[in-house]
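After the structure tokens below, expect a handful of questions from me.
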Amino acid sequence: MKHLVTLIPGDGIGPEVSEAVQQIIEAAGVSIDWEPTAARGDLERRNVDFMHSGVVEAIRKSRVALKGPLTTSVAFGPPSINVGLRKALDLFANVRPVKNLLGVKSRFQNVDMVLIRENTEDLYAGLEHEVVPGVVESLKIITEKASTRIARFAFEYARKYGRKKIHGIHKANIMKMSDGLFLTSIRKVAAEYPDIEYKELIIDNACMQMVLNPNQFDMLLLTNLYGDIMSDLAAGLVGGLGVVPSANVGEDVAIFEAVHGTAPDIAGKGIANPTALLMSAILMLVYIGEPKAAHRIECALHKVYLEGKSLTRDVGGTATTKEFTEAVIRTLDK
Ligand code: NAI
């Protein structure tokens, strides 16, 4: 079966790591009709905004996209495209599995958890305004509808993937109404899933527990901002953003993306590490119904890391992107 997948190669190292991932997927025998979006540079020259370049419509049609990193300006400039895509396609769940990759040095071993982050509201609603000069207000939006939806997604995910325990993370001792509503919404859903253990932790304690003993966590369920911060913290425990995948999932659309940035310092040098995008692509292959190919690629990736001879510089090796990619492809059938 041939799958249609929208490809957003992204900026900086994005096109280099996307090409590597496409080659590995093709070598694993999965037939994908990649539909690439227009390059950002071309659009800028034509004065066309990326969000209005047909990308949303293309993903609605294909229902699945693989995305490289995109440049976002800080403080001023247009809103983040990453956030824009999540909103436009209602990708309400951010899924971040965090697991040790054998061969990658990290502070902890046997970490295996999934963070589920509500993706559409909270302080990311982008509702900021100046009250009077020198005073700005940013609104934290929490609704029962979105909180219930993400809770149900998390409990269903737990059942589907054999996870046993979910921690709801909050600061409801201070934000009694907003985080309070998030918690009460989760508790109602949790009552319908007696087979999944449900616990709660205040965010500051959760961060400390995470760096002391991450092995105690199975799944974490968080609002948007806490989820953003804690998922990077969790990634740091297993080697950083270069070795963890990410998925943004809606009712029937999903975007799989690397969580690192465009790495402008190494762009174009042929030394970028495609591992994070490849791991996101592995999640994508499971999503589109290619679990066997996903497993083959995952095994090959682990073997290449364990062997340690073809790793890129960011993880202590000397290999180029091409050499790493060829090593994964060679290892597919070993
Ligand atoms: P960054 O992740 O691009 O770079 C941080 C450091 O990690 C750099 O030294 C870089 O060389 C290294 N690095 C990142 N990915 C790598 C890879 N695959 N292989 C080898 N080394 C890698 O973060 P930074 O510098 O804060 O952001 C640069 C740009 O990326 C900004 O415009 C930012 O807005 C954007 N960005 C986009 C994201 C996305 O589209 N999901 C996420 C984070 C940042």
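It should be emphasised that the depicted structure is a prediction, and the values quoted were computed from it without experimental measurement. As a basis for the values below, the full set of heavy atoms in this structure was taken, side chains included, without hydrogen atoms, waters or symmetry mates. All ligand and atom numbering here is 1-based and tracks the order in the structure.
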Who gets closest to atom 42 (C) of ligand 1 by heavy atom: Val315, Ile81, Val259?
-> Val259
Sub-4.0 Å heavy-atom approach of Pro264 to ligand 1 | yes
Geometric N/O contact Ile13 with ligand 1, under 3.5 angstrom | no
Salt-bridge present (Lys87, Glu121; N to O < 4.0 Å) | no
Measure from NZ or CZ of Arg117 to the centre of the six-membered ring of Tyr124, then state whether that distance is under 6.0 Å and the direction lies within 45° of the axis.
-> yes
Side chain, backbone, both or neither: which part of Arg313 has a heavy atom under 4.0 Å from ligand 1?
-> neither
Taking non-hydrogen atoms only, is Asp265 closer than 4.0 angstrom to ligand 1 via side chain, backbone, both or neither?
-> side chain
Thr262, Val243, Ile266: member with heavy atom nearest to atom 29 (C) of ligand 1 = Thr262
Report the C-alpha separation of Leu233 and Met210 in whole Å, then their side-chain angles, then the decisive distance to 0.1 Å, and conclude whether the side chain to side chain contact (heavy atoms under 4.5 Å, CB included) test is met.
-> CA-CA 8 Å; Leu233 172 69; Met210 180 76 91; 4.0 Å; yes
The one among Val17, Leu70, Asp232, Ile8 that brings a heavy atom closest to atom 40 (O) of ligand 1 | Leu70
Can a salt bridge be assigned to the pair Asp179 and Lys171 using a cut-off of 4.0 Å between side-chain N and carboxylate O?
-> no
Report the part of Asn82 (side chain from C-beta onward, or backbone N, CA, C, O) that has a heavy atom under 4.0 Å from ligand 1; answer both or neither where that applies.
-> side chain
Quick one: look at Asn273 and ligand 1, take heavy-atom pairs under 4.0 Å, and tell me if it's side chain, backbone, both or neither.
-> both
Could you tell me which atoms of ligand 1, counted from 1 in the order shown, lie closer than 4.0 angstrom to a heavy atom of Lys67?
-> 40 (O), 41 (N)
Which is it for Thr71 and ligand 1 at heavy atoms under 4.0 Å: side chain, backbone, both or neither?
-> both
What atoms in ligand 1 come closer than 4.0 Å to a heavy atom of Pro69?
-> 39 (C), 40 (O)
Below 4.0 angstrom, N of the basic side chain to O of the carboxylate: do Arg96 and Asp232 qualify?
-> yes
Taking 4.0 angstrom as the limit, do Lys188 and Glu144 come out as a salt bridge?
-> yes
Given the side-chain rings of His170 and Phe182, with only the six-membered ring counted for Trp, is the space between their centroids under 6.0 Å?
-> no
Salt-bridge test for Arg163 and Asp112: reply yes if a basic N is under 4.0 Å from a carboxylate O, no otherwise.
-> yes
